[in-house]
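Predicted model, so just to flag it, every value in this text is computed and none were measured. Lettering follows sequence order; numbering is per chain, from 1.
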Amino acid sequence: MTAPFHPDRLQKLADLRELGADPYPARSPEGRELGADLIAAFAQREGQQVTICGRVTGRRGYGKLAFLDVVDESGRIQAVLQKDRLSAEDFALLKALNLGDFVSVTGELATTGKGEISVFGDSDFTILTKALENPPEKWYGLADAEQRARRRYVDLFSNEEVRQDFLRRTRIIQAMRAVFLEHGYHEVETPVLHPIYGGANARPFVTHHNALDMQLYLRIAPELYLKRLLVGGIERVFEFARVFRNEGLSPRHNPEFTMVEFYEAYTDYLGMLELTEQLVVAGARAAGLEAEDGTICAEFRGQSYNLTPPFQRVRYADAFVEHAGCDPTDRAAVWQLLAQTLPEHPQRQADPAQLGDYSYWKTVNDLFEEKVETALPGPVFVYDYPAAICPLAKPSADDPVWAERFEFFLGGMELANAFSELNDPQLQLAKFEEQVADKDDPEAPNEVDLDYVRALAYGMPPAGGCGIGIDRLIMVLLNKDTIRDVLLFPHMRPEAGTEDEPGDAE
RNA sequence: GGGGGCAUAACUCAGUUGGUAGAGUAGCUGGCUUUUAACCAGUAGGUCCCAGGUUCGAGUCCUGGUGCCCUCACCA
């Protein structure tokens, strides 16, 4: 990568210093206001002295007059600099100004001959930061998807819509946080470095602590720590947790992503279902998806999704019967379906009557994902999952084949997963041991988290818990086809020509 | 990891059958006191992703590599 200092701009930088101006002053003028606020309040503010600060993104110059487009976080406002209104020193700075520089302008708020609200600089014009790299093309901006992600800072300042979408993301998360706080939840932080990984099925990133000489894993889920807090008597907890899964990348997968997990004592999965619905609706409202008549609608990948509550609810077994065409407990019928639907499935040749519960129901779930999930555009809550594939969920008291668990589907993606949390320490231990013994599953936990079992042995109150995939939810709410467009800095391989130091053995 | 596509100036993009590397914007110089992608004149700017090969000659054809995109697999 060549040095990103444009020679012409280095000259302008020297010119600025020649004029006695600091190209990187520490302080900006006081009393700075946002352009959008000034435009909104123009009727009351016309003729007043105001100060704006921002990046110069456009310039139309006339020798003794210049129009500047000044962009701040609120948007664009025009500054007008005229030779006969400014001091000679300030006007001379225009010669050293380039697009991309930050400036402040103090002067009269008024309209131009064409009627545009502008700040007519008179008492001050200052270059606040000299840019040494050219901004992108003014009309098309930065268009290359790779460069937009690698240089998000450029993408953000050169494309108003991109910046607005990322600000919407933070508003969505704030709205969800507000829902938790209204319900008496406490926001907590739990470890990212885990000696034993668990709480989900996924391959972890492995790291190493030098001083302790121990292997650690980046968390794949915060679940087991959050539930320890229920044992400790913190009855409502949530964490917006960055988690890490060592798997492939795709338009829906980034190695690190954000989920919110939340746990509440003295409720169950149906309580979590109600809260999840509220959270999704609050996020959708924050994204501006609510119409005047109160209906909420998201457009995603060319499809329209009605997010006006209540969302559809359907039992797992009922959905299976409806979309797969057979009773999921009918092993012979399920295997017939397997032969038709997934002939390459590894359990295809097994005798279903002899199969253990876990292997059988995992196969049922493979069919569910193939036949049922694809038929559920959502928003929909699917509830009462097979207990055998739910190691952390409480089995139903009525029929232990099923567990008190739901998943939430929207836009063809699984966005949330919730249970009545399993708090029987003996049953939990047995399920953990069964998982660890399953050497065929590369994503099974490496060892039993005995400390978690011990925590349960002290007693965890009955509780509901849920995890929501924040990035995917935001994809739907902001109509972004790829997860990269909702992550400020999605994972990228090293840029060509910037990596491999000599001596790196392969 | 498999299959397909793309890579040319700071940015957006052209580049004919294999025959001297192009435009617009941004930049630089000059002009211009009401513009909205301002305008006019002039000017500079390139490891055509990287490494090989074919050829008198490669941005163009071939092989390998790298990055990105799409897709499949795994997963949320």
Side-chain angles (χ1 to χ4, degrees), chain A residues 1-12 15 57-69 76 78-86 91 95 97-100 110-116 118 120 131-151 154-155 158 200-203 220-221 243-261 344 366 369 373 407-410 412-417 441-443 467-473 475 481-484 490 492-500 506:
Chain A
M1 192 165 146
T2 54
F5 305 146
H6 196 288
D8 291 330
R9 287 181 176 242
L10 289 174
Q11 183 57 52
K12 297 286 188 186
D15 294 347
T57 62
R59 176 185 192 174
R60 296 167 292 283
Y62 287 83
K64 297 190 181 67
L65 163 73
F67 299 93
L68 303 182
D69 296 327
R76 186 197 81 104
Q78 180 168 266
V80 183
L81 301 179
Q82 291 165 278
K83 186 166 190 183
D84 55 15
R85 281 219 197 191
L86 274 172
F91 193 78
K95 286 290 284 181
L97 181 74
N98 289 113
L99 294 191
T111 56
T112 62
K114 292 272 198 255
E116 176 162 354
S118 307
F120 287 72
L132 296 184
E133 182 78 299
N134 283 325
E137 215 270 352
K138 64 183 173 189
W139 192 243
Y140 298 99
L142 191 62
D144 179 71
E146 178 180 354
Q147 294 308 327
R148 290 208 307 117
R150 287 192 192 280
R151 285 186 253 170
V154 177
D155 190 30
S158 61
N201 281 330
R203 273 173 253 211
I220 59 173
V243 297
F244 307 84
R245 299 190 182 177
N246 205 339
E247 285 147 6
L249 284 71
S250 88
R252 289 164 281 294
H253 299 84
N254 196 65
E256 54 181 299
F257 63 100
T258 302
M259 51 192 302
V260 62
E261 284 201 4
E344 306 297 322
D366 290 338
E369 288 174 6
E373 283 185 16
E407 292 198 356
F408 174 62
F409 294 91
L410 176 60
M413 299 184 289
E414 179 200 327
L415 291 189
N417 185 15
D441 184 354
E443 287 161 7
I468 301 177
I470 293 294
D471 308 293
R472 289 182 172 181
L473 175 61
M475 284 172 64
D481 287 354
T482 119
I483 198 169
R484 287 182 302 275
M492 289 278 179
R493 286 179 230 228
E495 212 164 351
T498 59
E499 82 280 36
D500 35 83
E506 181 47 39

**Student:** Identify, with sequence neighbours excluded, every residue that meets side-chain hydrogen bond (donor to acceptor under 3.5 Å, both in side chains) alongside T258(A).
**Tutor:**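 Checked T258(A) against side-chain hydrogen bond (donor to acceptor under 3.5 Å, both in side chains); matches are R242(A).
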**Student:** Measuring from the side chain of Q78(A) (C-beta onward, heavy atoms only), which nucleotide among U33(B), C68(B), U36(B) has the closest atom?
**Tutor:**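 The answer is U36(B).
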**Student:** Where the side chain of K114(A) is defined as all heavy atoms beyond and including C-beta, which of U35(B), G67(B), A73(B) is the nearest nucleotide?
**Tutor:**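 Output: U35(B).
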**Student:** Does R252(A) put a side-chain nitrogen or oxygen below 4.0 Å from OP1 or OP2 of C74(B)?
**Tutor:**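 Looking at the OP1 and OP2 atoms of C74(B), neither is under 4.0 Å from any side-chain N or O of R252(A).
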**Student:** Mapping T111(A) and L142(A) to their closest nucleotides on RNA chain B, which lands nearer the 5' end?
**Tutor:**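 Closer to the 5' end of RNA chain B: L142(A).
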**Student:** Which residues pass the side chain to side chain contact (heavy atoms under 4.5 Å, CB included) test with F67(A), sequence neighbours left out?
**Tutor:**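 Applying side chain to side chain contact (heavy atoms under 4.5 Å, CB included) to F67(A) gives R60(A), Y62(A), L65(A), Q78(A), V80(A), T112(A).
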**Student:** With sugar-phosphate meaning primed atoms plus P, OP1 and OP2, does G469(A) contact a base, only sugar-phosphate, or nothing at under 4.0 Å between heavy atoms?
**Tutor:**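 Result for G469(A) = nothing.
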**Student:** Starting from P on C69(B), measure out to CG on D481(A) and report it in whole angstrom.
**Tutor:**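 Rounded to whole Å, this separation is 13 Å.
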**Student:** I need the CG-C1' distance between L249(A) and C72(B), as an integer number of Å.
**Tutor:**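 In whole Å, C72(B) C1' and L249(A) CG are 15 Å from each other.
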**Student:** What does A7(B) pair with, Watson-Crick or G-U, if both distances are under 3.5 Å?
**Tutor:**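 Partner of A7(B): U66(B).
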**Student:** Partner lookup for G59(B), please. Criteria are Watson-Crick or G-U wobble with both distances under 3.5 angstrom; report none if nothing qualifies.
**Tutor:**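 Base-paired to nothing in any strand shown.
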**Student:** So, taking the atom named CZ in R203(A) and the one named CG in N246(A), what distance separates them when rounded to the nearest 0.5 Å?
**Tutor:**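 That separation rounds to 8.5 Å.
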**Student:** Considering only the P atoms, how many Å lie between U29(B) and G67(B), rounded to the nearest integer?
**Tutor:**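 Those two atoms are separated by 41 Å.
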**Student:** Using salt bridge (charged side-chain N to carboxylate O under 4.0 Å, His left out) as the criterion, list what pairs up with E407(A), not counting sequence neighbours.
**Tutor:**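 R405(A).
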**Student:** Give the rounded distance in Å between these two atoms: CG of L81(A) and P of C32(B).
**Tutor:**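 After rounding, the gap between these two atoms is 17 Å.
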**Student:** Report yes if at least one side-chain N or O of R151(A) is closer than 4.0 Å to OP1 or OP2 of A10(B); otherwise report no.
**Tutor:**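 No.
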**Student:** Expressed in angstrom and rounded to an integer, what is the separation of F67(A) atom CZ from U34(B) atom P?
**Tutor:**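 Atom-to-atom, F67(A) to U34(B), this comes out as 7 Å.
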**Student:** With rounding to the closest Å, how many angstrom separate the C1' atoms on A26(B) and G2(B)?
**Tutor:**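 Their C1' atoms lie roughly 42 Å apart.
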**Student:** Report each atom pair, protein N/O against N/O of nucleotides 24-30 of chain B, whose distance is under 3.5 angstrom.
**Tutor:**
unit_1 : atom_1 : unit_2  : atom_2 : d
U25(B) : O3'    : K138(A) : NZ     : 3.3
A26(B) : OP1    : K138(A) : NZ     : 2.8
G27(B) : O3'    : N98(A)  : ND2    : 3.2
G27(B) : O2'    : D8(A)   : OD2    : 2.5
C28(B) : OP1    : K12(A)  : NZ     : 3.2
C28(B) : OP1    : N98(A)  : ND2    : 2.8
U29(B) : OP2    : K12(A)  : NZ     : 3.3
G30(B) : OP2    : K95(A)  : NZ     : 3.0

**Student:** What distance separates R59(A) CZ from L81(A) CG, expressed to the nearest 0.5 Å?
**Tutor:**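 One gets 9.0 Å once the value is rounded to the nearest 0.5 Å.
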**Student:** Taking N or O atoms only and anything under 3.5 Å, show me the protein contacts with nucleotides 40-46 of chain B, one pair per line.
**Tutor:**
none

**Student:** Atom CG in L415(A), atom CE in M259(A): separation rounded to 0.5 Å?
**Tutor:**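 Reported value, rounded in 0.5 Å steps: 11.0 Å.
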**Student:** Within the 4.0 Å heavy-atom criterion, would you say G141(A) contacts the bases, only the backbone, or no part of the nucleic acid?
**Tutor:**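 If one applies the 4.0 Å heavy-atom cut-off, G141(A) turns out to touch the sugar-phosphate alone, with no base involved.
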**Student:** Among all residues two or more places apart in sequence or in another chain, which pass the side chain to side chain contact (heavy atoms under 4.5 Å, CB included) test with P255(A)?
**Tutor:**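 Scan of P255(A) (side chain to side chain contact (heavy atoms under 4.5 Å, CB included), adjacent residues dropped) gives F205(A), L249(A), H491(A).
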**Student:** What is the separation between atom CD on E146(A) and atom C1' on A7(B), rounded to the nearest whole Å?
**Tutor:**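 Computing the E146(A):CD to A7(B):C1' distance gives 9 Å.
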**Student:** Counting only side-chain heavy atoms from C-beta out, which of C70(B), C11(B), U33(B) sits nearest to R484(A)?
**Tutor:**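 When the side chain of R484(A) is considered, C70(B) is the closest of C70(B), C11(B), U33(B).
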**Student:** Heavy-atom nearest nucleotide on RNA chain B for G58(A) versus P255(A): which residue maps closer to 5'?
**Tutor:**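 So the residue in question is G58(A).
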**Student:** Enter the distance from F91(A):CZ to Q82(A):CD here, rounded to the nearest 0.5 Å.
**Tutor:**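 One gets 9.0 Å once the value is rounded to the nearest 0.5 Å.
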**Student:** Taking atom CD of E373(A) and atom CD of E414(A), what is their separation to the nearest 0.5 Å?
**Tutor:**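 Interatomic distance, E373(A) CD to E414(A) CD, rounded to 0.5 Å: 6.5 Å.
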**Student:** Quick one: list whatever passes salt bridge (charged side-chain N to carboxylate O under 4.0 Å, His left out) with R76(A), sequence neighbours left out.
**Tutor:**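 Salt bridge (charged side-chain N to carboxylate O under 4.0 Å, His left out) list for R76(A), sorted by chain: D69(A), E116(A).
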**Student:** Looking only at atom C1', what distance separates U54(B) and G42(B), rounded to whole Å?
**Tutor:**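 After rounding to an integer number of Å, I get 44 Å for this pair.
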**Student:** Report yes if a side-chain nitrogen or oxygen of R493(A) is closer than 4.0 Å to either non-bridging phosphate oxygen (OP1 or OP2) of C68(B); otherwise report no.
**Tutor:**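 Checking R493(A) against C68(B): at least one side-chain N or O falls below 4.0 Å of OP1 or OP2.
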**Student:** How many whole angstroms separate atom CG of D69(A) from atom C1' of U36(B)?
**Tutor:**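 Atom CG in D69(A) sits about 7 Å away from atom C1' in U36(B).
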**Student:** Considering every strand shown, what is the Watson-Crick or G-U wobble mate of U33(B) when both distances are under 3.5 Å?
**Tutor:**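 Here U33(B) is not engaged in any pair, so there is no nucleotide opposite it.
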**Student:** Give D144(A) one of three labels, base, sugar-phosphate or nothing, depending on what nucleic acid heavy atoms sit under 4.0 Å from its own.
**Tutor:**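 Answer is sugar-phosphate: D144(A) comes under 4.0 Å of backbone atoms only.
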**Student:** For the residue pair S158(A) and P136(A), establish whether any side-chain heavy-atom pair is separated by less than 4.5 Å.
**Tutor:**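 The answer is yes, as the side chains (C-beta and beyond) meet within the 4.5 Å cut-off.
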**Student:** Sticking with atom C1', work out how far U20(B) lies from U60(B), rounded to a whole angstrom.
**Tutor:**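 Per the computed distance, 15 Å lies between those C1' atoms.
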**Student:** Can you tell me the Watson-Crick or wobble partner of G42(B), both distances under 3.5 angstrom?
**Tutor:**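 C28(B) - that is the nucleotide pairing with G42(B), both distances being under 3.5 Å.
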**Student:** Q147(A) near the nucleic acid: base, sugar-phosphate alone, or nothing, with a heavy-atom cut-off under 4.0 Å?
**Tutor:**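 Contact class for Q147(A): none.
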**Student:** Can you sort out the partners of D8(A) under side chain to side chain contact (heavy atoms under 4.5 Å, CB included), two or more places apart, ordered by chain and number?
**Tutor:**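 In terms of side chain to side chain contact (heavy atoms under 4.5 Å, CB included), with neighbours along the sequence ignored, D8(A) is linked to H6(A).
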**Student:** To the nearest angstrom, how far is R76(A) atom CZ from A37(B) atom C1'?
**Tutor:**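 Taking atom C1' of A37(B) as the reference, CZ of R76(A) is at 12 Å.
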**Student:** In this structure, how many angstroms lie between the C1' atom of U34(B) and the CG atom of D84(A), rounded?
**Tutor:**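 Whole-Å distance recorded here is 12 Å.
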**Student:** Looking only at side-chain atoms of P251(A), point me to the closest of U71(B), U33(B), U34(B).
**Tutor:**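 It is U71(B).
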**Student:** Mind checking side chain to side chain contact (heavy atoms under 4.5 Å, CB included) for P490(A) and listing every partner two or more places apart, or none if nothing turns up?
**Tutor:**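 Result, side chain to side chain contact (heavy atoms under 4.5 Å, CB included) vs P490(A): A149(A), R152(A), N254(A), R484(A), L487(A).
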**Student:** I want to verify a distance call: between U36(B), U33(B), C74(B), whose nearest atom is closest to the T112(A) side chain?
**Tutor:**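 So the side chain of T112(A) is nearest to U36(B).
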**Student:** With P as the reference atom in both, quote the distance from G1(B) to C62(B) in angstrom, rounded to an integer.
**Tutor:**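 The answer is 24 Å between these two P atoms.
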**Student:** Say you pick atom P in U16(B) and the same atom in C6(B); how far apart are they, in whole Å?
**Tutor:**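 These two P atoms come out 14 Å apart once rounded.
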**Student:** State whether R60(A) places a side-chain N or O below 4.0 Å from either non-bridging phosphate oxygen (OP1 or OP2) of A38(B).
**Tutor:**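 Answer is yes, contact under 4.0 Å.
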**Student:** With rounding to whole Å, what would you report as the distance between A38(B) and G57(B) at their C1' atoms?
**Tutor:**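 The answer is 46 Å between these two C1' atoms.
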**Student:** What's Q82(A) touching, base or sugar-phosphate or nothing? Going by heavy atoms closer than 4.0 Å.
**Tutor:**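 Counting heavy atoms under 4.0 Å across all strands, the contact made by Q82(A) includes a base.
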**Student:** Need one value for N254(A): base, sugar-phosphate or nothing, where a base atom within 4.0 Å counts as base even if backbone is also close, heavy atoms only.
**Tutor:**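 N254(A): base contact, heavy atoms under 4.0 Å.
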**Student:** Between C68(B) and G31(B), how far apart are the two P atoms, rounded to whole Å?
**Tutor:**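 Per the computed distance, 48 Å lies between those P atoms.
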